[in-house]
Amino acid sequence: MKFLVDAMLGKLSRFLRIFGFDTIYANDLIDYYHADPVPDEKLKQFAEKYDRIVITKDLLFYQKMREKALYLEGKGVYNYLNQLKVKLKLQLKFNIQNARCSICNSPLQEVTDKNLIKNLVKRETFLNYNEFFQCVNPTCKKVFWNGPHIVDINRKIQNMTEN
Ligand SMILES: [Zn+2]
């Protein structure tokens with residue numbers, strides 16, 4: 001399941017990538033289309049061409065898409081994730097091996113020798129963790145690890161499931 005996430009939902013885009021879903025964020029297409037914001041019509045074409053489900057909070061846009069789109073209500077990223085979980089039966093289980101880069105949506109690769117990323121993370125992080133993953137996109141190369149923020153996300157997802 002691949003997504004195209006509308007401009008108002010940047011945080012949700014990052015979360016979906018972290019959970020391993022191939023997610024394009026509408027604002028990432030600004031350069032591609034030379035238009036800011038990217039018009040609904042272009043987003044619609046893009047979603048259809050690349051077989052992506054549109055996620056939006058814009059009812060008019062949703063109605064233009066009719067099928068292969070999901071309309072989110074309310075506020076807050078955990079609320080949105082819960083709606084996705086219910087409506088699309090999404091498995092929201094974090095596994096760093098399957099995660100995608102939150103910044104650019106590229107896959108991650110395990111760092112075989114942590115000395116290679118020594119200068120890309122804080123000293124404390126470097127010392128406290130042994131398992132690192134890195135974005136494969138040569139212009140991004142962001143480093144990821146199972147830090148406290150991930151533990152926090154998992155806890156909130158767990159709570160969301162119980163409520
Ligand atoms: Zn990246």
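In listed order, ligands and their atoms are each counted from 1. Remember, predicted model here, so these are calculated numbers, not experimental data. The basis for the numbers below is simple: all heavy atoms, side chains too, and nothing from hydrogens, waters or symmetry mates.
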Answer with yes or no whether the side chains of Y32 and K42 bring together a donor and an acceptor at under 3.5 Å. no
So, with waters excluded, how many protein N/O/S atoms does the Zn ion (ligand 1) have closer than 2.8 Å? 4
Side chains of D40 and D58: closer than 4.5 Å at any heavy-atom pair? yes
For Q158 and N154, does a side-chain donor sit closer than 3.5 Å to a side-chain acceptor? no
What is the ring orientation for Y78 with F15, classed by angle as parallel under 30°, tilted 30 to 60°, or perpendicular over 60°? perpendicular
Any donor-acceptor pair under 3.5 Å from N128 side chain to E124 backbone: yes
I would like to know whether R100 and D22 meet salt bridge (Lys or Arg N to Asp or Glu O under 4.0 Å); could you show each step before the answer? CA-CA 7 Å; R100 302 177 81 93; D22 183 339; 3.8 Å; yes
